[in-house]
Asks: 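Below is the structure I would like to discuss, written out as structure tokens.
Bear in mind the structure is a predicted one, so any value in this text is a computation, not a measurement. To find a chain, count down the sequence lines: A is the first, B the second, and so on, and within it residues start at 1. Atom set for the values below is all heavy atoms of this structure, side chains included, hydrogens, waters and symmetry mates excluded.
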Amino acid sequence: MEMQFMLLFSRQGKLRLQKWYVPLSDKERKKISRDLVQTILARKPKMCSFLEWRDLKIVYKRYASLYFCCAVEDQDNELITLEIIHRYVELLDKYFGSVCELDIIFNFEKAYFILDEFLLGGEAQETSKKNVLKAIEQADLLQEEAEAPRSVLEEIGLT
Amino acid sequence: MPAPIRLRELIRTIRTARTQAEEREMIQKECAAIRSSFREEDNTYRCRNVAKLLYMHMLGYPAHFGQLECLKLIASQKFTDKRIGYLGAMLLLDERQDVHLLMTNCIKNDLNHSTQYVQGLALCTLGCMGSSEMCRDLAGEVEKLLKTSNSYLRKKAALCAVHVIRKVPELMEMFLPATKNLLSEKNHGVLHTSVVLLTEMCERSPDMLAHFRKLVPQLVRILKNLIMSGYSPEHDVSGISDPFLQVRILRLLRILGKSDDDSSEAMNDILAQVATNTETSKNVGNAILYETVLTIMDIKSESGLRVLAINILGRFLLNNDKNIRYVALTSLLKTVQTDHNAVQRHRSTIVDCLKDLDVSIKRRAMELSFALVNGNNIRGMMKELLYFLDSCDPEFKADCASGVFLAAEKYAPSKRWHIDTIMRVLTTAGSYVRDDSVPNLIQLITNSVEMHAYTVQRLYKALLDDISQQPLVQVASWCIGEYGDLLVSGQCEEEEPIQVTEDEVLDVLEGLLVSNLSAAVTRGYSLTAIMKLSTRFSGVNRIKKVVSIYGSSIDVELQQRAVEYNALFKKYDHMRPALLERMPIMEKSASNGPTEIVQTNGETEPSVVDSKHPPPVSQPANQANDLLDLLGGNDVVPVIQTTVPTKPASAGGELLDLLGDLSLSGVPTPAPSVATSQPSFLLDGLSSQPLFNDIAAAAIPPMTAYNKNGLKIDFTFERANPNPNVAVITIHASNSTEADMTDFVFQAAVPKTFQLQLLSPSSNVVPALNQGTVTQVIRVLNPQKQQLRMRIKLTYTLKGSPVQDLAEVNNFPPQSWQ
């Protein structure tokens with residue numbers, strides 16, 4: 001599944017996450033995001049989740065106030081891409097506990113970390129929800145351990 | 001110096017901004033603080049600052065000054081730093097900047113780190129954005145990790161290897177040994193990523209494909225276990241066990257089974273099993289079924305299985321979920337050529353989809369409907385399609401109209417039906433029909449001799465209603481000019497004849513001349529029509545007056561015609577009846593559908609019409625004879641051959657080729673003088689168009705499309721005459737390396753709005769050291785005049801090893817597609 005990029009954006013068109021799996025300059029990325037976001041926001045609710053855009057296939061789904069949008073190549077199975085999107089939302093939901101847009105805004109770096117444990121180079125690296133969450137949990141622990149010594153020192157007054 | 005504010009604090013603050021200007025101010029302030037912090041080389045808060053920078057970058061603000069800081073974070077020993085550093089690298093750096101290469105060493109070290117989560121970060125970053133240079137440097141490390149027993153790392157290494165292979169295909173061989181036991185893994189993550197890796201290798205190399213065919217039994221077994229195994233909570237999605245893995249295996253099986261009987265047979269059973277046992281109530285089950293159908297259709301499956309697949313698609317069409325209907329229509333479109341009868345069974349459902357609200361579904365249903373039209377269902381189908389044409393969005397009308405014309409031409413049950421259908425299209429979607437429909441329709445009408453009276457009457461009535469749709473008006477004017485006598489004599493058999501006088505007809509035609517709605521071309525048609533009526537109507541004076549008025553028209557085209565017609569009245573009145581007599585039946589040599597890029601002279605009819613014009617006054621008598629000879633007698637048919645596109649079309653040669661064919665078609669003597677005097681006719685009037693195209697063609701500069709590893713591919717352009725929507729590109733491949741490039745294959749793909757025709761190459765060996773070139777002609781149809789882009793795939797063998805490369809060609813000169 002050659003996923004070229006994934007975008008998350010709000011109903012007002014504000015980007016909440018952008019993951020690019022193809023090399024593009026900042027300017028090109030901005031243009032693509034802007035154009036695509038506008039195109040998708042213009043679609044009516046009854047329309048199907050797939051559209052052709054430039055020479056890509058776009059698969060998108062709205063969850064509450066966030067649009068999840070993936071660009072895949074012509075050969076790809078759109079229905080399974082919808083499942084990929086759904087799996088990512090479930091992971092976020094499990095991690096944050098009933099995830100909402102604010103969680104992703106205030107913890108965007110965590111949203112990226114979770115995505116990077118689920119997909120790599122645009123392909124799914126782990127198909128078990130449990131394993132992805134376990135890996136994130138462990139990495140978070142590692143991060144806390146790295147932070148901890150300093151705050152202990154600070155407490156004692158030995159900054 | 002107070003500690004820089006925390007990330008979440010900053011986010012909260014920025015969100016309180018009420019205007020864009022306020023937000024910008026906050027951002028600028030914070031960026032300044034971050035910049036000074038960076039300058040102070042503060043290690044403690046670098047991570048926090050970069051994280052804030054990434055947030056601001058996502059809002060759209062520049063963050064390039066943080067790039068080096070990301071590198072410093074990556075080099076840090078702290079896990080938190082590395083996490084943010086790698087994230088920053090993936091967001092802020094791209095492989096076009098040299099800065100990214102500085103990461104290589106850090107990544108190398110981290111790939112060998114003692115903590116697997118650090119190794120994971122490095123693998124992820126490399127697999128997401130590694131450039132070719134980085135991939136070359138680090139491929140060895142990735143290969144090592146591919147062989148580790150740690151499944152967490154192994155699965156990531158597999159996908160990283162996929163990325164390496166995509167960037168540097170030559171490195172594919174080095175991963176081969178490591179693939180040996182990948183499928184014996186129990187871990188689903190490793191299995192999934194391994195299948196992806198195997199798929200990538202098989203897609204890129206026929207040798208690899210042959211090598212991995214032996215895995216088919218193993219893949220079938222794994223798939224079987226997934227289906228038969230009981231509930232596994234870890235991988236379950238709505239009752240299906242690991243759908244992602246199932247889909248990937250099905251896809252790999254597709255590639256392995258294609259064109260191979262044994263492999264296809266080995267997977268027949270499992271495909272049937274998946275097709276019948278998969279739960280279809282949720283999207284996930286349908287996703288698997290969809291992949292199964294694609295596989296069944298692509299491999300050498302037995303017919304029972306194929307019918308099963310098409311029936312699944314038929315069921316999809318009835319699904320409430322529009323996404324499912326969409327994929328069904330897409331797949332049916334792909335299979336309609338090969339399994340036509342099976343798809344026919346679902347025709348009524350497909351036609352119902354024309355009424356769907358979704359644009360993409362409608363388009364697919366329309367394309368599929370046209371593919372399904374045949375002699376038996378033409379009346380019913382056409383009814384539905386015409387109804388669709390009435391109510392559809394403008395973006396569909398042109399394609400739908402063309403499709404209707406094509407289908408009608410192939411399967412019309414009667415001439416009257418055919419004419420009625422054309423009338424319906426012209427009146428409902430008249431402004432959207434393609435320009436080349438007009439000459440086609442004229443020819444069709446001419447050849448339906450018994451329908452002339454009926455046709456002209458209907459067209460006349462249509463004109464009374466509406467003169468805004470140019471193609472309709474043009475066809476109508478032409479017909480009135482031709483058959484005006486039938487119109488006023490009230491001879492219609494098919495329907496109630498209308499009473500119309502000569503003056504009324506001339507009123508209408510003159511109205512077209514003066515109307516603002518009429519295009520220049522339309523005016524030309526009207527004037528000619530008026531002129532023709534001078535031999536069909538009794539009252540000639542009015543016509544003479546009109547013609548002389550337009551002799552001083554500002555429009556050069558009209559002026560020229562009027563002057564020539566005037567001359568016809570004055571000096572050549574004896575020739576007028578013969579020149580303006582009824583057109584003979586024209587033989588059509590090729591079909592002119594919207595999907596074909598045939599070099600038929602789409603302007604055949606108008607240019608033949610124009611050839612009735614008297615030549616420049618200097619050579620009157622001679623050429624008058626030639627004209628009469630050309631048209632003379634009822635048995636002479638001016639056959640315009642299509643020039644077979646084996647030779648590259650050259651500008652001047654184009655005209656000469658057409659003329660050459662004319663003289664060969666058995667036109668009686670003086671054929672040679674006809675040939676030589678023709679140029680002036682074809683250059684008159686409408687035929688000035690080809691001339692412009694030739695000038696345009698001469699002006700399109702050549703370009704270099706590809707230049708890598710010693711292989712250079714140049715594109716040169718011509719404009720296909722006379723269809724201005726077709727660009728003819730000739731590729732010239734040259735090889736500057738020391739060895740010949742053998743088995744050279746050039747392939748190209750274009751975006752959907754274009755159509756491509758690739759002709760045979762001159763050779764498939766590109767000689768070394770630029771000693772010769774391989775040429776090949778590409779024809780691109782670009783009706784929507786969109787910017788031409790192309791993806792090319794080159795495969796060749798150099799010094800014994802196969803080379804494959806993909807490239808995008810985006811630097812087409814604007815003249816090639818405008």
Asks: So for A:K129, is it side chain, backbone, both, or neither that comes closer than 4.5 Å to the heavy atoms of chain B?
Replies: backbone
Asks: Starting at OH of A:Y21, measure out to SG of B:C128 and round the result to the nearest 0.5 Å.
Replies: 6.0 Å
Asks: For the pair A:E117 and B:Y152, evaluate side-chain contact (heavy atoms from CB on, under 4.5 Å) and give the outcome as yes or no after the intermediate values.
Replies: CA-CA 10 Å; A:E117 280 300 325; B:Y152 177 78; 2.8 Å; yes
Asks: Step by step, would you call B:R364 with A:E52 a salt bridge (charged side-chain N to carboxylate O under 4.0 Å, His left out)?
Replies: CA-CA 12 Å; B:R364 274 162 175 66; A:E52 290 99 30; 2.7 Å; yes
Asks: Would you indicate whether the side-chain heavy atoms of A:F113 and B:I84 approach each other to under 4.5 Å?
Replies: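 Yes, close enough: below the 4.5 Å cut-off.
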Asks: Side chain, backbone, both or neither: which part of B:L93 has a non-hydrogen atom closer than 4.5 Å to chain A?
Replies: backbone
Asks: Can you tell me which portion of A:F108 sits under 4.5 Å from chain B's heavy atoms? Options are side chain, backbone, both or neither.
Replies: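 Side chain of A:F108 only, per the 4.5 Å heavy-atom cut-off to chain B.
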Asks: In terms of heavy-atom proximity below 4.5 Å to chain A, should B:K362 be classed as side chain, backbone, both, or neither?
Replies: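 Nothing of B:K362, per the 4.5 Å heavy-atom cut-off to chain A.
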Asks: Are B:K156 and A:Q125 close enough, and set up right, to give a side chain to side chain donor-acceptor pair (under 3.5 Å), and what steps lead you there?
Replies: CA-CA 6 Å; B:K156 290 182 193 267; A:Q125 57 180 286; 2.9 Å; yes
Asks: Could you walk me through whether A:E109 and B:R83 pass the salt bridge (charged side-chain N to carboxylate O under 4.0 Å, His left out) test, one step at a time?
Replies: CA-CA 9 Å; A:E109 84 278 15; B:R83 241 184 165 186; over 6 Å; no
Asks: Checking heavy atoms, do the side chain of A:R43, its backbone, both or neither come under 4.5 Å from chain B?
Replies: side chain
Asks: Any idea which of A:Q18, A:H86, A:Q138 has the most non-hydrogen atom pairs under 4.5 angstrom with chain B?
Replies: A:Q138
Asks: Could you tell me which portion of A:L56 (side chain, backbone, both or neither) has an atom closer than 4.5 angstrom to a non-hydrogen atom of chain B?
Replies: neither
Asks: Let's test your reading of the structure: which of B:R15, B:E95, B:R789 forms the most heavy-atom pairs below 4.5 Å with chain A?
Replies: B:R15
Asks: When rounded to the nearest 0.5 angstrom, what distance separates OG in A:S128 from CG in B:L245?
Replies: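 Spacing of OG (A:S128) from CG (B:L245) equals 12.5 Å.
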Asks: Which of the residues B:Q77, B:E291, B:E234 is involved in the greatest number of heavy-atom pairs with chain A at under 4.5 angstrom?
Replies: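 That would be B:E234.
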Asks: Decide if atom NZ of B:K282 counts as having more than 12 heavy atoms of other residues, nucleotides or ligands within a radius under 6.0 Å.
Replies: no
Asks: Is B:S360 in contact with chain A via its backbone, its side chain, both, or neither, using a 4.5 Å heavy-atom distance?
Replies: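 Side chain of B:S360 only, per the 4.5 Å heavy-atom cut-off to chain A.
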Asks: Working to the nearest 0.5 angstrom, can you tell me the gap between A:E28 CD and B:D94 CG?
Replies: 8.5 Å
Asks: For B:N323 and A:C48, indicate whether the former's side chain and the latter's backbone hold a donor-acceptor pair under 3.5 Å.
Replies: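 Pair absent, no side-chain N/O of B:N323 close to backbone of A:C48.
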Asks: Testing B:V359, B:I361, B:L357 for side chain to side chain contact (heavy atoms under 4.5 Å, CB included) with A:M47, which one passes?
Replies: B:V359
Asks: Is the shortest side-chain heavy-atom distance between A:F50 and B:V327 below 4.5 Å?
Replies: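 Result yes, sub-4.5 Å side-chain heavy-atom pair found.
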Asks: Please rank B:K82, B:M129, B:H235, B:H163 by heavy-atom pairs under 4.5 Å with chain A and give me the top one.
Replies: B:H235
Asks: Test your reading of the model: is there a side-chain donor-acceptor pair from B:N286 to the backbone of A:L79, 3.5 Å cut-off?
Replies: no
Asks: Pick one of side chain, backbone, both or neither for A:N131, based on which atoms fall under 4.5 Å of a heavy atom in chain B.
Replies: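 A:N131 touches chain B through side-chain heavy atoms alone.
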Asks: Identify which part of B:I11 has an atom lying under 4.5 Å from any heavy atom of chain A, answering side chain, backbone, both or neither.
Replies: both
Asks: Going from CZ on B:R254 to CD on A:Q75, what distance comes out if it is rounded to the nearest 0.5 angstrom?
Replies: 8.5 Å
Asks: Is chain A contacted by the side chain of B:T115, its backbone, both, or neither, given a heavy-atom distance below 4.5 Å?
Replies: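 Contact with chain A is through the side chain of B:T115 alone.
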Asks: Under a 4.5 Å heavy-atom cutoff, which of B:L54, B:V237, B:V247, B:V162 has the most pairs with chain A?
Replies: B:V247
Asks: Judged by atom type as modelled, is there a donor-acceptor pair below 3.5 Å linking the side chain of B:R8 to the main-chain atoms of A:F106?
Replies: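 Present.
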Asks: Output yes when a side-chain donor or acceptor of B:H188 lies under 3.5 Å from a complementary backbone atom of A:E126, and no otherwise.
Replies: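 No.
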Asks: Specify which of A:E83, A:R16, A:E78 makes the most heavy-atom pairs with chain B at under 4.5 Å.
Replies: A:E83
Asks: Taking it one step at a time, do B:R166 and A:E123 satisfy salt bridge (charged side-chain N to carboxylate O under 4.0 Å, His left out)?
Replies: CA-CA 13 Å; B:R166 284 186 188 154; A:E123 311 269 2; 3.2 Å; yes
Asks: If we ignore angles and hydrogens, is there a donor and acceptor under 3.5 Å between the side chains of A:Q143 and B:Y117?
Replies: no
Asks: Quick check: are there more than 12 heavy atoms from other residues, nucleotides or ligands sitting under 6.0 Å from NZ of A:K30?
Replies: yes
Asks: Kindly indicate whether a cation-pi arrangement holds for A:R87 with B:F244, taking the cut-offs as under 6.0 Å to the six-membered ring centre and within 45° of the axis.
Replies: no
Asks: With a 6.0 Å cut-off (strictly less than), is the heavy-atom count around NZ of A:K94, excluding the residue itself, greater than 12?
Replies: no
Asks: Using a 4.5 angstrom heavy-atom cutoff, name the option from B:L59, B:D236, B:N283 with the most pairs to chain A.
Replies: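 The option with the most such pairs is B:N283.
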Asks: Where does A:K44 contact chain B at under 4.5 Å (heavy atoms): side chain, backbone, both or neither?
Replies: neither
Asks: Decide if atom CZ of A:R54 counts as having more than 12 heavy atoms of other residues, nucleotides or ligands within a radius under 6.0 Å.
Replies: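 Enclosed: over 12 neighbouring heavy atoms sit under 6.0 Å from CZ of A:R54.
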Asks: Within the side chain of B:D242, is there an N or O that forms a donor-acceptor pair under 3.5 Å with the backbone of A:T127?
Replies: no
Asks: Flag the one option from A:L15, A:L51, A:L82, A:I105 with the top tally of heavy-atom pairs under 4.5 Å to chain B.
Replies: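 Looking at each of A:L15, A:L51, A:L82, A:I105 in turn, A:I105 comes out on top.
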Asks: So, taking the atom named CG in A:D26 and the one named NE2 in B:H64, what distance separates them when rounded to the nearest 0.5 Å?
Replies: 10.0 Å
Asks: Among A:E90, A:K14, A:R29, which has the most heavy-atom pairs under 4.5 Å with chain B?
Replies: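 The answer is A:R29.
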Asks: Look up atom CD in B:Q246 and atom CD1 in A:I80, then write down how far apart they are to the nearest 0.5 Å.
Replies: 9.0 Å
Asks: For the pair A:Y112 and B:L91, evaluate side-chain contact (heavy atoms from CB on, under 4.5 Å) and give the outcome as yes or no after the intermediate values.
Replies: CA-CA 10 Å; A:Y112 276 107; B:L91 287 175; 3.5 Å; yes
